[in-house]
Amino acid sequence: MSTAALPVLTPQDFTSDQDVRWCPGCGDYSILAQMKKVLPTLGVAPENTVFIRASAVQAGFRIT
């Protein structure tokens, strides 16, 4: 059994160099901020993390 210390992760570890573009006011920016805050506490490396979601805007659906 290994007793090596796990690296301490920070929100910066879950930040990408890609531009994030969502519609203004959609709320996804606050969701992203919260995910960056919570993910380091899980102890899972960024390269072992994936999110998949559908977007009504990208799919062409109108929600009224």
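All heavy atoms count here, side chains included; hydrogens, waters and symmetry mates do not.
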Point-to-point distance, once rounded to the nearest 0.5 Å, from [atom1] of [X] to [atom2] of [Y]:
X	Y	atom1	atom2	result
Thr10	Lys37	OG1	NZ	14.5 Å
Leu39	Leu9	CG	CG	9.5 Å
Ser30	Met35	OG	CE	12.0 Å

#### Entry: Taking every non-hydrogen atom, the tightest pair across Pro40 and Pro11
CG-N, 3.6 Å
### Query
Phe51 and Val44: same hydrophobic cluster, using ILVMFWY side-chain contacts below 4.5 Å?
yes
### Task
Following the transitive rule for hydrophobic clusters with a side-chain heavy-atom cut-off under 4.5 Å over Ile, Leu, Val, Met, Phe, Trp and Tyr, establish whether Leu42 and Leu32 coincide in one cluster.
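Shared cluster, no.
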### Query
Should we say atom CD of Gln12 is surrounded by more than 12 heavy atoms from elsewhere, each under 6.0 Å from it?
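No, because the 6.0 Å sphere around CD of Gln12 holds 12 heavy atoms or fewer from other groups.
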